[in-house]
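Everything below concerns the one structure shown next.
The figures that follow rest on heavy atoms only: side chains count, while hydrogens, waters and symmetry mates do not.
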Amino acid sequence: MQNMEVAVRCRNLRKTYEGKVEAVRGLDLEIRASECFGLLGPNGAGKTTTIEILEGLLSPTSGEVEILGRTWNAHGRELREVLGISLQETRLGEKLTVRETLELFASFYRRPRSTVEVMEEMALIEKADTWVGKLSGGQKQRLAVATALVANPKILFLDEPTTGLDPQSRRQVWEILRQFQRRGGTVLLTTHYMDEAERLCDRIAIIDYGLTIASGTPSELIERLGGHHMVEFDATGDGRRQLEAWRTLPGVDSVHEEDGRIVLSVHEPHETIPALLAALQNRGSRLLHLTTRQASLEDVFVHLTGRHLREE
C-alpha cells in the first residue's frame, strides 16, 4: 500500500496568541510519504494555524515539527525547496500574465518543473498570455495550485484548493493530485467538501478546538460512527422534543436533529424502519418525510463536532 516512511510529523504542537488564545492545543499528526492526508475541522478549529506552522510560516509556541526528517530551525532553505504551497487566499499580481506568474514562482526554486508542462496540466495553456486580473475565479484557483506544482515539490500543502471551481475543474484537480501521488508525492489537504475528502484522502484527521478528535481512513471513521446507514424522517407531533425515545428502536446507534428532521444512525434499516413506522402509528403521528442512505464522512463530522463543515 502506502510508503510507511513518515513525511510530516508534529508532536504536542501548541500555538497561543497574546498569551491567552489557544489556537492549537497539543496536536499530534503523522503523515506518511506518498499519501493524501486530509485535515478537517469546523471554522476556528485550528486547521490553518496548524498548516502555517507546518509550512514554516508561523512559529509554534511549543512542540516539535519534522518535515522529511528535518526541522525549520536547522533546514529552512532546504525544506522550502521541497514544498509546494497553495494558501487559502493566494493573492497574485493582477498585471502579470499566467506565464509570467509561473515563471516568477519557478525562479524561486533550483529545480522547478517546466512552466509550459504545468500550464498544460492545469488547463491554463490557452490563458498563458492573459493577465491574472482578467481570469475567472476558477482559473485563478487553478493558477494558485499551479504555482505550488511548478516548484517540483515532494510535499504539497493545499488549503482548500478547489473552492470556487466548477465540478469538471474540481475533478481535473483531483486527477492531478492523484498523478502527483503516483509519482511519490505527499499531499496535505484541507477542504470544505466532504465528498472531496472521502474520494481523495487515504487518511483523515478531524480537529476541533485545536486538538485531534478522530483520525483514520474515511471508511474506518464511517465504521466507527456505529451505523452504516442513515434514516432521516420528519413527522407530525412532538417527536423532535423526544430524541432519546427514538434511540430505543431496534438497530439504532445514535440520534440527532438536522435541518428540522430526525436522523437515526442504524445497523439494519430493514429492522429499524418497520419499528419506526409502528412507533409513529402508536403515537398518532403522521410521517411527512423518510429517506435512507449510506453513512458518509459528513455524518461522522456532524456526529463528532455537532457542526457542518461549512457552518460559520
Side-chain angles (χ1 to χ4, degrees), residues 2 6-10 13-15 22-32 35-55 57-58 65 85-89 141 144-145 148 155-165 170-171 173-174 177-178 180-181 186-227 230 254 256 258 263 265 293-312:
Q2 301 287 346
V6 176
V8 178
R9 176 188 283 123
C10 67
L13 195 65
R14 295 178 181 273
K15 181 64 178 179
E22 289 185 300
V24 183
R25 302 190 299 139
L27 195 69
D28 294 316
L29 288 177
E30 200 167 89
I31 302 170
R32 299 166 192 154
E35 79 174 335
C36 181
F37 189 92
L39 194 61
L40 308 182
N43 291 316
K47 301 186 305 294
T48 298
T49 299
T50 299
I51 286 186
E52 288 181 350
I53 291 171
L54 297 179
E55 292 168 342
L57 300 176
L58 272 182
V65 173
I85 296 171
S86 177
L87 302 175
Q88 197 168 26
E89 288 186 34
Q141 190 68 16
V145 176
I155 303 176
L156 275 177
F157 287 104
L158 302 176
D159 202 355
E160 299 182 30
T162 64
T163 298
L165 296 186
R170 281 179 71 206
R171 282 164 176 74
V173 171
W174 293 356
L177 296 184
R178 290 186 186 109
F180 178 76
Q181 275 186 271
T186 305
V187 180
L188 174 59
L189 174 79
T190 74
T191 180
H192 271 138
Y193 301 114
M194 299 307 302
D195 63 322
E196 182 164 273
E198 209 163 330
R199 286 168 182 254
L200 283 183
C201 297
D202 299 299
R203 290 188 305 130
I204 286 166
I206 298 175
I207 69 171
D208 203 8
Y209 300 107
L211 285 168
T212 303
I213 58 174
S215 62
T217 68
S219 59
E220 284 170 351
L221 290 171
I222 292 168
E223 181 81 18
R224 272 181 237 160
L225 181 61
M230 310 303 288
S254 64
H256 70 274
E258 186 176 318
V263 183
S265 173
R293 57 180 171 78
Q294 292 287 117
S296 69
L297 207 50
E298 179 86 16
D299 297 308
V300 174
F301 191 90
V302 172
H303 178 73
L304 290 171
T305 68
R307 292 176 276 177
H308 284 275
L309 201 53
R310 299 195 76 74
E311 286 180 3
E312 294 294 338

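Take Glu52 and apply the side-chain hydrogen bond (donor to acceptor under 3.5 Å, both in side chains) test, not counting sequence neighbours, and it matches no residue. Contacts of Thr50 classified as side-chain hydrogen bond (donor to acceptor under 3.5 Å, both in side chains), with partners at least two apart in sequence or in another chain: none. For Arg199, the side-chain hydrogen bond (donor to acceptor under 3.5 Å, both in side chains) criterion is met by no residue, not counting sequence neighbours. With sequence neighbours excluded, the residues forming a salt bridge (charged side-chain N to carboxylate O under 4.0 Å, His left out) with Glu30 are Arg9, listed by chain and number. Arg178 meets the salt bridge (charged side-chain N to carboxylate O under 4.0 Å, His left out) test with Glu175; sequence neighbours excluded. By the side-chain hydrogen bond (donor to acceptor under 3.5 Å, both in side chains) test, Asp195 pairs with Arg170, sequence neighbours left out.
In this structure, Val300 and Ile206 have side chains that are in contact, with non-hydrogen atoms separated by less than 4.5 Å. Two residues are said to be in side-chain contact when any heavy atoms from C-beta on lie closer than 4.5 Å; Thr162 and His192 fail this criterion. Inter-residue side-chain proximity for Thr49 and Leu58 is flagged as met; some heavy-atom pair is nearer than 4.5 Å.
The structure places CD1 of Ile213 at 5.0 Å from CG of Leu304, a figure rounded to the nearest 0.5 Å. Distance check: Met194 CE to Phe301 CZ gives 6.5 Å after rounding to the nearest 0.5 Å. Atoms CG and CD, from Leu156 and Gln181 in turn, are 9.5 Å apart once rounded to the nearest 0.5 Å. To the nearest 0.5 Å, the span separating CZ on Phe180 from OG1 on Thr186 amounts to 7.0 Å. Rounding to the nearest 0.5 Å gives a distance of 12.0 Å between CD1 of Ile207 and OG of Ser215. Interatomic distance, Leu221 CG to Ser296 OG, rounded to the nearest 0.5 Å: 11.5 Å.
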Point to revise | Worked check of side chain to side chain contact (heavy atoms under 4.5 Å, CB included) between Met230 and Ser265 | key: CA-CA 5 Å; Met230 310 303 288; Ser265 173; 4.0 Å; yes
Review point. Where do Leu29 and Phe37 land on the side chain to side chain contact (heavy atoms under 4.5 Å, CB included) test, with the steps shown first?
Key: CA-CA 10 Å; Leu29 288 177; Phe37 189 92; 4.0 Å; yes
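Of the candidates Asp159, Leu57, Thr48, Leu57 is the only one forming a side chain to side chain contact (heavy atoms under 4.5 Å, CB included) with Leu87. The only option from Leu54, Val24, Ile31 that meets the side chain to side chain contact (heavy atoms under 4.5 Å, CB included) definition with Cys10 turns out to be Leu54. Just one of Leu158, Leu200, Leu40, Leu39 meets the side chain to side chain contact (heavy atoms under 4.5 Å, CB included) condition when paired with Thr191; it is Leu40.
Listed for the Glu196 side chain is no donor-acceptor partner under 3.5 Å among the backbone atoms of Tyr193. The backbone N or O of Glu220 lies less than 3.5 Å from a partner atom in the side chain of Thr217, making a donor-acceptor pair. A donor-acceptor pair under 3.5 Å links the side-chain atoms of Gln141 to the main chain of Glu160, judged by distance alone. Looking only at distances, a side-chain donor or acceptor of Lys47 sits under 3.5 Å from a matching main-chain atom of Gly41. Between the side chain of Asp202 and the backbone N or O of Cys36 there is at least one donor-acceptor pair closer than 3.5 Å. At distances below 3.5 Å, not a single donor-acceptor pair connects side-chain atoms of Arg203 with backbone N or O atoms of Gly38. A donor-acceptor pair under 3.5 Å is absent between the side-chain atoms of Thr212 and the main chain of Ala214, judged by distance alone.
Under 4.0 Å is where a charged nitrogen must lie from a carboxylate oxygen, and between Arg293 and Asp299 at least one such pair does.
For the pair Ala197 and Leu297, the tightest heavy-atom approach, listed with the atom from each and the gap, is CB-CD2, 3.9 Å.
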